[in-house]
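Here's the structure we're looking at; comments come further down.
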Amino acid sequence: MNSKYIRNFAIIAHIDHGKSTLSDRLLELTGSLTAREMQAQVLDAMDLERERGITIKAHAVRMMYPAKDGTTYQLNLIDTPGHVDFSYEVSRSLASCEGALLVVDASQGVEAQTLANAYLAINHGLEIIPVINKIDLPSADIPRTREMVEQTVGLDASNAIPVSAKTGLGVPDILEAIVHRLPPPAGDPEAPLQALIFDSWFDAYRGVIVLARIVNGRLRKGAKIRLMSNGKAFDVESMGVLTPKPVEIDELSAGEVGFFVATIKNVADTKIGDTVTEDNRPAIEALPGFEDIKSMVFAGIYTVDSHEHTLLRDALEKLRLNDSSFFFEPESSVALGFGFRCGFLGLLHMEIIQERLEREFNLDLITTAPGVRYRITMTDSSVIEVENPSRWPDPSEVEQIEEPIITATILTNEEYVGGILKLVEDKRGRQKNFEYVSATRVMLTYELPLNEIVLDFYDRLKSVSRGYASLDYQLSGMWVSPMVKMDILVSGEPVDALSIIVHRDFAYDRGRALVSKMRELIPRQQFEVAIQAAIGAKVIARETVSALRKNVIAKCYGGDISRKRKLLEKQKEGKKRMKRIGKVDIPQEAFLAVLKVG
Ligand code: GDP
Ligand code: MG
């Protein structure tokens with residue numbers, strides 16, 4: 001199609017402001033889905049996304065829109081996730097668009113991710129159409145929302161479009177605005193092919209599927225393509241677009257977005273951000289690609305059953321293709337055996353990877369407590385980076401420890417400021433800025449150790465603000481801090497997978513809280529189990545799990561065999577997510593107990 005009639009756009013918003021609902025309405029209005037196919041939030045295709053009500057992967061969908069000027073336009077919609085952990089995905093989608101709809105909930109106003117995503121879009125040079133959503137709600141305040149968009153984001157909101165994505169009111173105006181206010185893609189369809197890979201995933205039936213934006217030239221079915229990063233060549237076997245149903249086509253030209261399947265066997269060959277070109281007429285240069293993303297949160301992942309170790313490695317490789325923002329490498333633990341050290345963008349990201357591994361690959365896993373990466377200067381002036389507590393150096397050889405710091409932006413209502421200030425100070429925060437952005441809304445800027453954020457900061461922020469505070473953060477430097485390694489001993493034996501790194505001043509409190517939580521979480525055994533927290537040789541806290549008194553079977557009097565069997569099966573079920581360490585069965589929750597005692 002002539003690129004004059006193509007519009008590529010993303011929808012960006014704070015979480016729950018209505019991106020997915022708006023996508024549904026746009027699909028419906030353009031007839032991309034029949035009423036029967038329509039189900040709420042069709043773009044959130046993964047089960048997990050639907051259950052959690054969040055969008056994890058960005059999706060690209062083509063719609064055909066007959067505009068009021070009589071011309072039919074091709075609109076490519078890219079739905080993006082709103083959570084702070086996934087801003088990397090947002091950035092990737094934005095690189096494939098010329099414009100964005102910035103959706104703001106008229107009853108909530110501008111929130112932290114509204115701001116963060118709007119800035120990302122502005123930095124990518126995108127044309128932005130502000131959309132004020134949920135105007136059907138009695139608490140909607142359109143003038144105030146406009147004012148906040150202008151004051152906090154700094155965009156002209158005089159032509160923001162008021163809509164209700166729920167009832168569909170005003171949504172047709174968005175389609176007209178996309179056509180008339182957003183620019184068409186630039187790019188030369190006759191130039192040598194340059195296509196940007198912005199997503200790829202593994203499909204059990206079709207193999208590696210690649211989602212790409214054609215920047216210059218044409219991609220044709222049957223063509224021999226070359227990946228510019230590694231020079232490998234493949235034949236394009238089939239290609240198509242998502243409408244959102246996959247529809248096969250024979251060609252994609254400059255400005256268009258679609259998927260292709262080539263003779264790619266190895267999942268590792270398709271790198272997100274790589275440029276695809278034609279083998280017999282290659283482009284001279286690769287496209288700029290994407291910044292390499294740095295993991296912020298690290299944890300060990302192990303299989304409960306050690307025979308499943310290779311299955312876990314295969315699963316991680318496949319998931320990584322679909323999500324280039326996490327990393328993994330082999331590690332081993334005395335307590336847990338062979339596993340992988342994994343790096344994530346944040347806690348939610350870590351939870352999602354773990355859940356996908358368990359559901360999509362049917363693995364039973366043990367995850368260790370999340371932590372961050374420290375920079376340690378040794379007394380011999382060498383510098384090492386440590387993200388695994390089991391590799392923590394001997395304190396006598398350490399000169400200085402630096403921990404990663406984030407700058408957090410918190411937007412909230414005036415009445416919650418007191419509670420939030422106390423929370424951030426408890427978490428070692430340092431205030432950078434305090435600003436009223438409207439009569440009752442406050443924007444707080446703080447520097448905080450990432451180590452404190454990965455514990456339970458998000459949940460505590462939600463609870464002190466009753467949900468009326470939003471958070472966005474980015475890495476912003478390092479602080480020199482007196483961090484120490486705290487070991488946990490079970491029956492007198494240190495369990496390496498339970499060790500954590502804490503600030504020296506917090507060690508006693510956290511140690512006490514941790515062993516007391518573990519005492520609740522570790523089930524009684526046939527014998528007494530001591531749980532201790534120690535720093536070096538010094539024990540700082542101790543609790544005891546008392547021995548089991550009654551044999552469980554003894555409860556089943558008489559010959560009720562089926563009941564007995566049920567009980568045993570239930571016990572077995574309960575054991576599934578436990579790891580036997582020495583003679584003690586430790587459940588998964590105990591490995592993550594530190595998350596519950598922040
Ligand atoms: P997302 O996180 O930005 O994708 O938000 P969703 O589309 O999942 O919407 C979050 C919640 O807001 C859902 O419960 C929607 O039903 C609701 N919602 C979305 N748009 C509207 C609207 O225009 N009016 C009302 N009343 N609710 C809406
Ligand atoms: Mg959504």
Side-chain angles (χ1 to χ4, degrees), residues 9-29 32-33 38-61 63 77-91 93-94 97 100-118 120-121 128-142 144-146 148-149 153 160-175 177 244 346 348-349 351-352 411 458 462 467-472:
F9 70 102
I11 306 184
I12 54 178
H14 189 72
I15 195 153
D16 280 346
H17 281 200
K19 287 183 311 285
S20 301
T21 311
L22 181 61
S23 310
D24 288 356
R25 279 302 85 67
L26 294 175
L27 290 176
E28 204 176 49
L29 271 178
S32 304
L33 289 173
M38 203 66 212
Q39 43 175 324
Q41 276 138 39
V42 280
L43 293 190
D44 291 347
M46 274 193 277
D47 281 355
L48 193 59
E49 293 184 2
R50 219 183 279 269
E51 266 170 45
R52 293 198 173 208
I54 53 172
T55 308
I56 300 165
K57 297 296 298 176
H59 306 263
V61 179
M63 299 175 274
L77 154 66
I78 297 184
D79 189 33
T80 58
H83 190 275
V84 55
D85 281 9
F86 303 111
S87 59
Y88 176 61
E89 299 247 341
V90 178
S91 211
S93 333
L94 296 183
C97 297
L101 305 177
L102 176 69
V103 177
V104 184
D105 181 331
S107 69
Q108 305 278 328
V110 170
E111 296 283 4
Q113 261 85 55
T114 315
L115 211 58
N117 288 329
L120 278 178
I128 298 174
I129 302 173
V131 172
I132 299 178
N133 189 29
K134 307 201 187 180
I135 58 168
D136 58 293
L137 290 176
S139 54
D141 187 339
I142 301 173
R144 186 172 153 266
T145 309
R146 262 187 226 280
M148 283 177 72
V149 169
V153 191
I161 307 170
V163 305
S164 165
K166 189 173 172 183
T167 67
L169 180 69
V171 179
D173 298 339
I174 296 180
L175 288 167
L348 177 67
H349 188 213
E351 268 175 49
I352 283 167
L411 271 155
Y458 214 57
K462 263 193 267 167
Y468 288 103
S470 55
L471 165 75
D472 186 65

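Order of listing sets the numbers, starting from 1, for every ligand and every atom in it.
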Point to revise | Residue part near ligand 1, for A13, under 4.0 Å between non-hydrogen atoms | key: neither
Check your understanding: Counting only heavy atoms, which portion of H17 has something under 4.0 Å from ligand 1: side chain, backbone, both, or neither?
Key -> backbone
Review point. Taking only residues two or more places apart in sequence or in another chain, which ones pass side chain to side chain contact (heavy atoms under 4.5 Å, CB included) with D141?
Key: P143, R144
Practice item. Report the C-alpha distance between I174 and I129 in whole Å, list the side-chain angles of each, state the deciding distance to 0.1 Å, and finish with yes or no for side-chain contact (heavy atoms from CB on, under 4.5 Å). Key: CA-CA 9 Å; I174 296 180; I129 302 173; 6.0 Å; no
**Study point:** ligand 1 to L22 polar contact by distance, N or O atoms, under 3.5 Å
**Key:** no
Review point. Does an N or O anywhere in G18 fall below 3.5 Å from an N or O of ligand 1?
Key: yes
Practice item. Kindly indicate, with the supporting measurements, whether the criterion side-chain contact (heavy atoms from CB on, under 4.5 Å) is fulfilled by N133 and H17. Key: CA-CA 7 Å; N133 189 29; H17 281 200; 5.8 Å; no
Check your understanding: If you measure from atom 10 (C) of ligand 1 to every heavy atom of V171, D24, D16, which option wins on shortest distance?
Key -> D16
Review point. Among H14, Q113, K134, which one has a heavy atom closest to atom 11 (C) of ligand 1?
Key: K134
**Study point:** L137 neighbourhood, listing ligand 1 atoms whose heavy-atom distance to it stays under 4.0 Å
**Key:** 26 (N)
Point to revise | Heavy-atom pair with the smallest gap, counting every atom of E111 and L411 | key: C-CD1, 3.5 Å
Point to revise | Name of the residue among V131, V103, D136 meeting side chain to side chain contact (heavy atoms under 4.5 Å, CB included) with V163 | key: V131
Practice item. Among I12, V110, I11, I132, find the one that has a side chain to side chain contact (heavy atoms under 4.5 Å, CB included) with L102. Key: I12
